[in-house]
Participant: 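Here you go, one structure.
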Amino acid sequence: MSKAFDLAGRVAIVTGGNGGIGLGMATGLAQAGAALLIAGRNAAKNAAAVQALAALGAQAAAFEADVSVQAECRALIEAALAKFGRLDILVNNAGTNIRKQPQDYTLDEWKSVLDTNLTSAFLCSQAAYPALQKAGGGKIINIGSMLSIFGAAFAGPYGASKGGMVQLTKSLACAWAKDNIQVNAVLPGWIDTELTRGARRDLPGLHERVLARTPAGRWGDPADFAGIAVFLAGSAADFVTGAAIPVDGGYSTQG
Ligand code: NDP
């Protein structure tokens, strides 16, 4: 394998890495040689993901954490350093949605979506910064959404969090370029995961609308995220920073 995509000796954290897009990315990173610490709240899902990653021959461990809580973000970074001795790659992927019309959200609901999707990325990045600096550089990959670009009536807080994720990505990229830390965002189209199974159930006609608008003619699969994760985490992307890259089967190119 070209060195540009070789992650042997690198250590990665993937928040929300116990399923869906996060596990798709963790799988790619593991296949490229990285050691993985995945973070999620659900111990059973964490254990199953560690088993799947270990079956690929990767060094893998899980840490039970709620990344909307600052102390748990800090503990997550400490856990990676304790387990693997260094940190090179942070994937801020954990996310959630509450689907309602804007007038119907409570303040607690707004805060829980913003804290889980956006504040968590800020807190984990901030906590990871000294370790990435110490490693001589590193990579942060933030997961946005098509709702980083477009609006949706049912997703006010989610869209605000995902729009914010792109702007946070740009600011971190500017601030930490001097430390050889590259920070990029990935904007998934509609991907078949636990999160969107709920949306398909709640939003009649969504499945057909996604198929009609996606030039690739299908929903994405978590495995579609392995390649972009490896690219952005490796030296191949050393001159790529502050970018927001759609992985969407063409969804965002079609009006
Ligand atoms: P899943 O529901 O399959 O995965 C969400 C992950 O986030 C789970 O691993 C979950 O683990 C974790 N998570 C949620 N809340 C927390 C928390 N407070 N602390 C720690 N971990 C948490 O969804 P997806 O794979 O679809 O979503 C992954 C990311 O991709 C999200 O940011 C989502 O917004 C984004 N995305 C998804 C799209 C799609 O079509 N699926 C489209 C665009 C963006 P646990 O429950 O164990 O905590």
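Both counts, for ligands and for their atoms, begin at 1 and track the order of listing. Only heavy atoms go into these numbers, but all of them, side chains included; no hydrogens, no water, no symmetry mates.
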Participant: Nearest protein heavy-atom contact for atom 42 (C) of ligand 1: which residue, which atom, what distance?
Facilitator: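 For this ligand atom, the closest protein heavy atom is Gly189 O, 3.1 Å.
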Participant: Just need the protein heavy atom nearest to atom 4 (O) of ligand 1, so name the residue and atom and give the distance.
Facilitator: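 Ranking protein heavy atoms by distance from atom 4 (O) of ligand 1, first comes Gly19 O, 4.5 Å.
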Participant: Over all heavy atoms of both residues, which pair between Pro188 and Gly144 is shortest? Give the atoms and the distance, please.
Facilitator: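 Minimum heavy-atom separation between Pro188 and Gly144: CD-O, 3.4 Å.
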Participant: Roughly how far apart are Thr193 OG1 and Asp221 CG, rounded to 0.5 Å?
Facilitator: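 These two atoms lie 10.0 Å from each other.
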Participant: What do you reckon, does Thr96 have a nitrogen or oxygen under 3.5 Å from a nitrogen or oxygen of ligand 1?
Facilitator: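 Not met; the criterion fails.
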Participant: Any heavy atom of Gly144 sitting closer than 4.0 Å to ligand 1?
Facilitator: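 Flag set, Gly144 near ligand 1.
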Participant: Is it true that atom CZ of Arg74 has more than 12 heavy atoms of other residues, nucleotides or ligands lying nearer than 6.0 Å?
Facilitator: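 No.
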Participant: Measure from the side-chain N and O atoms of Thr214 to the backbone N and O of Gly249, and report whether any donor-acceptor pair falls under 3.5 Å.
Facilitator: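 Here the side-chain-to-backbone pair does not exist.
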Participant: Report, in ascending order of atom number, the atoms of ligand 1 lying under 4.0 Å from any heavy atom of Trp190.
Facilitator: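 Numbered from 1, ligand 1 contributes 40 (O).
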Participant: Select the closest option to atom 27 (O) of ligand 1 among Asp115, Val247, Leu195, judged by heavy-atom distance.
Facilitator: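 Nearest option to atom 27 (O) of ligand 1, by heavy atoms: Leu195.
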Participant: Any idea which atoms of ligand 1 are less than 4.0 Å away from a heavy-atom of Gly20?
Facilitator: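 Going through ligand 1 atom by atom, the ones under 4.0 Å from Gly20 are 3 (O), 25 (O).
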Participant: Using distance alone, determine whether Ala39 and ligand 1 share an N or O pair under 3.5 Å.
Facilitator: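 Min N/O separation from ligand 1 is not below 3.5 Å for Ala39.
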Participant: Could you tell me how the ring of Trp219 sits relative to the ring of His207: parallel (under 30°), tilted (30 to 60°) or perpendicular (over 60°)?
Facilitator: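 It falls in the parallel class, under 30°.
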Participant: Is the closest N or O pair between Gly17 and ligand 1 shorter than 3.5 Å?
Facilitator: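 In fact, backbone or side chain, Gly17 has no N or O that close.
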Participant: To check your reading of the model: name the closest protein heavy atom to atom 20 (C) of ligand 1, its residue, and the distance in Å.
Facilitator: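 Minimum-distance protein heavy atom for atom 20 (C) of ligand 1 reads Ala65 O, 3.2 Å.
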Participant: Can you tell me the protein heavy atom closest to atom 18 (N) of ligand 1 and the distance?
Facilitator: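 Nearest neighbour among protein heavy atoms for atom 18 (N) of ligand 1, to 0.1 Å: Asp66 OD1, 2.8 Å.
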Participant: Mark up the atoms of ligand 1 that fall under 4.0 Å of a heavy atom belonging to Lys45, in ascending order.
Facilitator: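 It comes down to these atoms of ligand 1: 11 (O), 45 (P), 46 (O), 47 (O).
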Participant: Starting from atom 26 (O) of ligand 1, which protein heavy atom do you reach first, and at what distance in Å?
Facilitator: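 Protein heavy atom at minimum distance: Thr193 OG1, 2.6 Å.
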Participant: Taking Asn93 for its side chain and Gly16 for its backbone only, find out whether a donor-acceptor pair lies under 3.5 Å.
Facilitator: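 Yes, because the side chain of Asn93 sits within donor-acceptor range (under 3.5 Å) of the backbone of Gly16.
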Participant: Hey, does Asn42 come in under 3.5 Å of ligand 1, counting only N/O atoms on both sides?
Facilitator: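 Between Asn42 and ligand 1, an N or O pair is found under 3.5 Å apart.
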Participant: Within a radius of less than 6.0 Å around CD of Glu194, do more than 12 heavy atoms belonging to other residues, nucleotides or ligands occur?
Facilitator: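 No, because the 6.0 Å sphere around CD of Glu194 holds 12 heavy atoms or fewer from other groups.
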Participant: Got more than 12 heavy atoms from elsewhere within 6.0 Å of CZ, Phe122?
Facilitator: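 No, because the 6.0 Å sphere around CZ of Phe122 holds 12 heavy atoms or fewer from other groups.
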Participant: Counting each atom of ligand 1 from 1 as listed, which ones have a heavy atom of Gly40 under 4.0 Å away?
Facilitator: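 Selected atoms, number and element: 21 (N), 47 (O), 48 (O).
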Participant: Kindly identify the option in Glu64, Arg41, Glu194, Lys162 whose heavy atom sits closest to atom 14 (C) of ligand 1.
Facilitator: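 The residue whose heavy atom sits nearest atom 14 (C) of ligand 1 is Arg41.
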Participant: Touching ligand 1 at all, Ser120? Heavy atoms, strictly under 4.0 Å?
Facilitator: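 No, Ser120 has no heavy atoms under 4.0 Å from ligand 1.
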Participant: Just to be sure I'm reading this right: ignoring hydrogens, which of Val210, Asp248, Val113, Asn93 gets closest to atom 32 (O) of ligand 1? Compare them by their nearest heavy atoms.
Facilitator: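 Ranked by closest heavy atom to atom 32 (O) of ligand 1, first place is Asn93.
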Participant: Quick one: do Leu81 and Ile89 end up in the same hydrophobic cluster if we chain Ile, Leu, Val, Met, Phe, Trp and Tyr together by side-chain heavy atoms under 4.5 Å apart?
Facilitator: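 Different clusters.
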Participant: With a heavy-atom distance limit of 4.0 Å, tell me whether Met146 approaches ligand 1 through its side chain, its backbone, both, or neither.
Facilitator: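 Contact part for Met146 vs ligand 1: neither.
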Participant: Looking only at distances, please establish whether an N/O atom of ligand 1 is found under 3.5 Å from an N/O atom of Tyr158.
Facilitator: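 Right, the criterion is met.
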Participant: For the atom pair CZ (Arg41) and CG (Asn18), what is the distance rounded to the nearest 0.5 Å?
Facilitator: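 Arg41 CZ to Asn18 CG: 9.0 Å, rounded to 0.5 Å.
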Participant: Tell me which protein heavy atom sits closest to atom 12 (C) of ligand 1, plus the residue, atom name and distance to 0.1 Å.
Facilitator: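 Of the protein heavy atoms, Gly16 CA, 3.6 Å lies nearest.
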Participant: Which bit of Pro222 gets closer than 4.0 Å to ligand 1, counting heavy atoms only: side chain, backbone, both or neither?
Facilitator: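 Under 4.0 Å from ligand 1, Pro222 contributes no heavy atoms.
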Participant: Could you tell me the separation between the CG atom of Asp202 and the CZ atom of Arg197, rounded to the nearest 0.5 Å?
Facilitator: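 Interatomic distance, Asp202 CG to Arg197 CZ, rounded to 0.5 Å: 14.0 Å.
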Participant: Atom CG of Asn92 and atom CG of Leu118: how far apart are they, to the nearest 0.5 Å?
Facilitator: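 Asn92 CG to Leu118 CG: 10.0 Å, rounded to 0.5 Å.
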Participant: With a 4.5 Å limit on heavy-atom distance, are the side chains of Ser125 and Leu90 in contact?
Facilitator: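 Answer yes - side chains close enough.
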Participant: Between Val14, Asn18, Ile191, Thr196, flag the one that comes closest to atom 11 (O) of ligand 1 by a heavy atom.
Facilitator: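 It is Asn18 whose heavy atom sits nearest to atom 11 (O) of ligand 1.
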Participant: Give the atom numbers and elements of ligand 1 that come within less than 4.0 Å of a heavy atom of Ala94.
Facilitator: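 Per the distance check, 7 (O), 13 (N), 21 (N), 22 (C), 32 (O).
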Participant: Can you tell me the protein heavy atom closest to atom 5 (C) of ligand 1 and the distance?
Facilitator: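 Going by distance alone, atom 5 (C) of ligand 1 is nearest to Gly95 O, 3.8 Å.
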Participant: Any side-chain heavy atom of Cys124 sitting closer than 4.5 Å to one from Val67?
Facilitator: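 A side-chain contact under 4.5 Å exists here.
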Participant: Whether Asp88 and Lys139 form a salt bridge (side-chain N of Lys/Arg under 4.0 Å from carboxylate O of Asp/Glu) is what I want to check.
Facilitator: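 The answer is no: the pair does not qualify as a salt bridge.
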Participant: To which protein heavy atom is atom 19 (N) of ligand 1 closest, and what is the distance rounded to 0.1 Å?
Facilitator: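 I find the closest protein heavy atom is Val67 N, 3.0 Å.
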Participant: Backbone, side chain, both or neither: what part of Ile21 comes under 4.0 angstrom of ligand 1, heavy atoms only?
Facilitator: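 Answer for Ile21: both.
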Participant: Taking it one step at a time, do Leu56 and Thr27 satisfy side chain to side chain contact (heavy atoms under 4.5 Å, CB included)?
Facilitator: CA-CA 8 Å; Leu56 300 171; Thr27 300; 3.7 Å; yes
